[in-house]
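See structure below.
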2 protein chains.
Amino acid sequence: MATMPKIVDPGARRRAVADAVLRVIGREGVEGASLRNVAEEAGLAIGSVRHYFHDHDELLLFTMRELSTRIDGRVRTHVDRLLDPAARAERPARVEELIGEFLALDEERRQEAVLWMAFCGAARIRPELRACAVEMETGLRDLLARVLRGAQESGALPADLDVDLECLRLSALLDGLNLRAMLEPEYVTPEAQRAVLRRHLQGLRVPR
Amino acid sequence: MATMPKIVDPGARRRAVADAVLRVIGREGVEGASLRNVAEEAGLAIGSVRHYFHDHDELLLFTMRELSTRIDGRVRTHVDRLLDPAARAERPARVEELIGEFLALDEERRQEAVLWMAFCGAARIRPELRACAVEMETGLRDLLARVLRGAQESGALPADLDVDLECLRLSALLDGLNLRAMLEPEYVTPEAQRAVLRRHLQGLRVPR
DNA sequence: GCCATTGTGGCACGACCGCGCTAAATTGTT
DNA sequence: AACAATTTAGCGCGGTCGTGCCACAATGGC
């Protein structure tokens, strides 16, 4: 009864196709991610792609979630390292490192930021994508809230800080930096982004 | 030799068509702004639209510039009022008012912000639009620089402020707020935006 | 009244799109 | 060797797209 005619892991295939989608979107934008383009990029026939995604919408949504979990996973690594009860002296530097994980500081993360922005733009029109985008941003704010509250309790940040407000402010700053790094990377360099982030964090430390 | 067969102001027509483009983009996104959709929205035949824009690219670029000059004009009003050598006591409040002009604080500006974000997304792929987007952002930074330097000279801001850095930080914050207001308007309300902006400006006033 | 100029409307072509559908190739089980 | 399930490949329909091209209407100058 356990018949296995092909030795293909469907999950791996889907992820490989999603990778092709990301490459196409990075090159031509979301509207360029047609089944034909994606199939060619993945080195597959159109019919093969459609065998794993019975819908074009499903293909895009899966790819967006794939991207979000990829980003989320990388950040989670840093968050674990940060919350590790190691020497507290290192924490300030690691906070900057953690939050910098959301910025386009190297080519890999720059590409991810570009892709994420592309999906966010598409999410305004397509409801399914919109839900995914909101989840991601909410997760980002929650993560920032935990970090800021942790720093508050350890005395690194003033106790009377309005954490919710600061989370919105900081997350908006990060998104804005990514948006601009996407449009004018020659101006918003990694160094500039780091300087802005450092200045912002330093601005949090002074009592209001 | 001065023949005028029709009593149509071409400029007004082009602007009317651009308005239709903006309505369509607001409803369906940039990719929905096809000649057919735009013509129908404008109540014209597709041939008529093509009489005033011999290219689809030109239609989009003209519409983007139209939007940018519209935003720019509204801001320029506030900037003139701000630089008016009236009572200096009012200035801090007016600075907040001026910068708030870039935020989605009412339905009109929210719609403009959505449209601008849509164009910025499209600008990553299409070079002509990209140039327009960069011009706009550069203009925004220059404007912020003039305002901040003015406040610096009048003593409202610390003299050792890194104005260029703060302009990038502030402009990124504004863009990020607009992006999020576009995706989750129920969370990023006008009041929340105002609170973030006020907090940010207050953070500029404390000496570093 | 005539005409050149300008605006309007629309047809048709080739390209691309998603998707329903079918056929063939592949491969472990029997 | 024969089979059934899975994977791969692809045809073709109906639709939308931008655009080249043409016919016709409107209108002010002669």
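A, B, ... follow the sequence lines: proteins, then strands. Residue 1 opens every chain.
- Between B:H54 atom NE2 and D:dT19 atom P there is a gap of 10 Å when expressed in whole angstrom units.
- The base of C:dG7 lies outside donor-acceptor range of the side chain of B:R13, with no N or O pair under 3.5 Å.
- Each of A:H200, A:R194, A:R198 was compared with A:E96 under the side-chain hydrogen bond (donor to acceptor under 3.5 Å, both in side chains) criterion, and only A:R198 meets it.
- With respect to A:R169 and A:E166, a salt bridge is recorded, a charged nitrogen being found less than 4.0 Å from a carboxylate O.
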What side-chain donor-acceptor pairs closer than 3.5 Å can you find for residues 18-26 of chain A, not counting sequence neighbours?
unit_1	atom_1	unit_2	atom_2	d
A:D19	OD1	A:R70	NH2	2.9
A:R23	NE	A:E41	OE2	2.6

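- Within 4.0 Å (heavy atoms only), B:N37 reaches sugar-phosphate atoms of the nucleic acid but no base atom.
- Atom CD of B:E31 and atom C1' of C:dC16 are 15 Å apart (whole Å).
- The pair A:R65-A:E128 fails the salt-bridge criterion, with no side-chain N (NZ, NE, NH1 or NH2) lying under 4.0 Å from an Asp/Glu carboxylate O.
- Distance, B:E58 CD to D:dG18 C1': 14 Å, rounded to whole Å.
- Shown for residues 40-50 of chain B: residues whose heavy atoms fall under 4.0 angstrom of DNA chain C, namely B:A45, B:G47, B:S48, B:R50.
- For the pair B:L59 CG and D:dC17 P, the interatomic distance rounds to 13 Å; values are reported in whole Å.
- A:F53 has its CZ atom 13 Å from the P atom of D:dT7, to the nearest Å.
- When the nearest nucleotides of DNA chain C are assigned to B:H51 and B:R36 by heavy-atom distance, the more 5′-ward of the two goes with B:H51.
- A sub-4.0 Å separation between OP1 or OP2 of C:dT6 and a side-chain N or O of B:Y52 is absent.
- Looking at B:R14 and B:E66, no side-chain N of the basic residue comes within less than 4.0 Å of a carboxylate O on the acidic one, giving no salt bridge.
- Spacing between atom CG of B:L35 and atom C1' of D:dC21 amounts to 15 Å, rounded to whole angstrom units.
- Salt bridge present: B:D72 and B:R76 bring a charged side-chain N and a carboxylate O closer than 4.0 Å.
- Residues A:D175 and B:R180 are paired through a salt bridge, judged by an N-O separation under 4.0 Å between the basic side chain and the carboxylate.
- Atom NE2 of A:H56 is separated from atom P of C:dC16 by 16 Å (rounded to the nearest Å).
- Here B:S34 does not reach the OP1 or OP2 of D:dT16: none of its side-chain N or O atoms lies under 4.0 Å away.
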